[in-house]
Amino acid sequence: MGAVAVTATVLAAGLLGPAHAGDADPQGRGGPKEPPKTPVAVGIGGAVSTVDADATAAGLRMLRRGGTAVDAAVAAAAALGVTEPFSAGIGGGGFFVYYDAASGTVSTLDGRETAPATAGADLLLDPEAGEPLPFQEARVSGLSIGTPGTLQTWDDALDRWGRFSLRTTLQPAIRLARSGFVVDETFHSQVEDNADIFADFPASAELFLPDGAPPEVGTKLRNRDLADTYKLIAKHGTDVFYSGEIAEEIAATVQAPPVADDAERVVRSGELSVDDLAGYRVIEREPTLVEYDGLEVYGMGPPSSGGSTVGEALNILENFELDSGDEASALHVYLEASALAFADRNRYVGDPDVIDVPLAELLSQGFADERACEIDPDQAAPKPVAPGSPDGDYAPCGESADAAGAVPGGGSTTHLTTADRWGNVVSYTLTIEQTGGSGITVPGRGFLLNNELTDFNAVPTQGDAPDPNLPGPGKRPRSSMSPTIVLDEGEPFLALGSPGGATIITTVLQTLLNRIDLGMDLPDAVAAPRLSQRNGAVTNAEPAALGTPVAAELEELGHVFSETAEIGAVTGIEFLPRGRMMAVAEPERRGGGSAGVLVPVRR
Ligand code: GLU
């Protein structure tokens with residue numbers, strides 16, 4: 001395998017090269033090795049699937065000690081803050097979906113970042129020109145940084161459903177940050193992609209550019225600052241972050257980003273304050289629920305658009321016969337349903353505490369049936385398609401309205417899935433938005449701050465209709481994160497999620513389609529080439545999805561493809577008969593993920 005060969009080559013180079021100063025060391029013989037990565041594991045007693053072997057090991061450690069799926073999820077997430085700091089960490093936010101075996105219920109926690117209390121609709125506009133700031137200028141600034149929700153999410157989840165304290169669940173990550181982890185190809189390339197940004201912030205450069213360059217693959221990297229920060233939190237609890245010394249440092253960093261003296265970049269300051277941090281709350285929200293093919297599909301409600309958009313698309317798909325015998329027809333309907341659901345997402349979904357989201361109607365079968373009438377089995381609709389009217393008054397076939405705007409994609413994040421011996425399940429997606437977030441590290445604390453507020457629309461996108469996702473005081477930007485749990489007659493069947501900005505929604509949807517309708521097992525459903533249609537003129541397509549007979553049929557139906565190297569990175573667990581669990585992660589994308597089980601058994 002190519003990726004392995006590259007790793008081995010550079011590892012050899014690292015062993016021969018000079019030792020790094022500071023916190024990066026070549027990985028010597030006998031030194032700690034990255035645990036092996038395996039994309040599929042079947043066993044009993046509990047399971048963990050993440051993008052990273054150290055994080056999966058941290059989760060399994062909690063399970064082994066008698067912890068719950070929630071203890072495992074928090075330990076894994078904290079470890080990802082060390083090894084995947086460009087996608088996850090306490091400087092960001094996320095959505096936590098939990099199935100409780102004892103009560104048979106699904107709960108969700110909204111740990112999304114909030115805009116400062118002073119934010120107006122013009123947050124992302126150039127004050128002089130009145131135009132949207134260029135994306136990178138908005139991203140790499142204090143303006144984009146929302147109040148982080150991740151740490152509070154961990155604490156709230158543990159309080160409700162954990163057996164262990166935050167202190168206990170942070171221990172594996174503290175050890176990892178202190179003793180170091182092995183830099184892999186993904187880490188290296190993510191630093192490389194952000195190197196010019198990190199170089200402009202000494203606190204980021206110290207952490208991620210030892211010797212002024214991205215750490216070599218195969219070297220060991222420590223993050224002692226983050227180890228100390230986690231230790232401080234372990235000792236004093238989340239208050240130290242939300243109202244203590246770390247809160248003051250976060251606010252100071254946002255209000256006066258610590259830029260290198262020689263940086264030429266314009267770095268705007270933001271207004272996030274200690275009061276914003278002190279006032280931050282994780283919100284328990286109703287999960288979204290649709291029935292699909294006799295299964296109950298639970299997801300995350302607004303401010304994420306994940307649950308409503310996946311749910312609406314599934315309801316639309318209910319109108320069609322989909323089977324593996326005619327993959328092109330199934331994919332055609334999948335792409336068309338995605339476009340319709342995205343049009344409605346863009347028009348109607350935002351922070352439900354600020355705007356009215358017609359969620360029940362968006363998730364109703366009546367609305368979906370009306371939307372399904374827009375799909376011509378023999379021809380792709382010109383994109384973008386117009387949003388529908390989720391008004392409770394549905395005709396078998398509605399009339400089309402004006403076209404909606406195209407949908408931006410991009411971004412990065414991480415998803416993890418855990419389950420325990422009692423049958424509890426966690427599906428948790430967390431992010432700092434772009435890979436590398438704002439690029440700004442809180443000096444001396446070892447973590448990057450998010451740029452989540454660029455998930456707001458900078459200007460209205462819905463023509464004469466109101467835009468549900470403009471910035472506002474304390475508002476949570478709309479997300480696409482789609483942590484999902486599927487039950488079959490009340491028992492867990494499947495849990496999964498993915499990173500990938502707006503493509504998260506289509507990745508989750510297509511993986512469900514592959515597994516439920518197209519006869520694939522979960523590893524194949526995850527590995528299969530992806531297509532992503534988000535109500536844009538073109539459909540993103542991974543290389544392996546192109547040049548096939550199925551692709552040719554879809555092109556004949558009018559679909560236009562744009563080649564995209566990689567879409568998403570799924571982790572999930574399927575629940576098999578006799579208490580067995582199959583943990584599944586990507587075999588290749590993003591360097592492959594890591595699936596683990598407590599007690600392996602034969603597949
Ligand atoms: N910020 C994105 C969202 O909430 C997630 C990060 C990503 O782009 O993957 O939808």
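All ligand and atom numbering here is 1-based and tracks the order in the structure. Counting from 1, the numbers follow the sequence of the chain as shown. Because the structure is a prediction, the values reported are computed rather than measured.
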Checklist entry - Touching ligand 1 at all, R478? Heavy atoms, strictly under 4.0 Å? => result no
In ligand 1, which numbered atoms sit nearer than 4.0 Å to a non-hydrogen atom of [X]?
X	result
S480	3 (C), 4 (O), 10 (O)
D455	1 (N), 2 (C), 3 (C), 4 (O), 10 (O)
E452	1 (N), 2 (C), 4 (O)
G501	7 (C), 8 (O), 9 (O)
M481	4 (O), 10 (O)

Note to self: Can you tell me if E286 has over 12 outside heavy atoms packed within less than 6.0 Å of its CD?
What the structure shows: no
With heavy atoms and a 4.0 Å threshold, my read on which part of E113 contacts ligand 1 is neither
Heteroatom proximity flag, G500 to ligand 1, N/O under 3.5 Å
yes
Salt bridge between E586 and R530, side-chain N to carboxylate O under 4.0 Å?
-> yes
* Hey, is R590 close enough to E566 for a salt bridge, meaning N to O under 4.0 Å? -> no
Q) Given side chains that start at C-beta, do those of E542 and R589 come closer than 4.5 Å, heavy atoms only? A) yes
Assign the ring pair F208 / F198 to parallel, tilted or perpendicular, where the plane angle (0 to 90°) is split at 30° and 60°. tilted
Those residues at least two apart in sequence (or on a different chain) that pass ring pair (Phe, Tyr, Trp, His ring centres under 6.0 Å) with F181 are F187
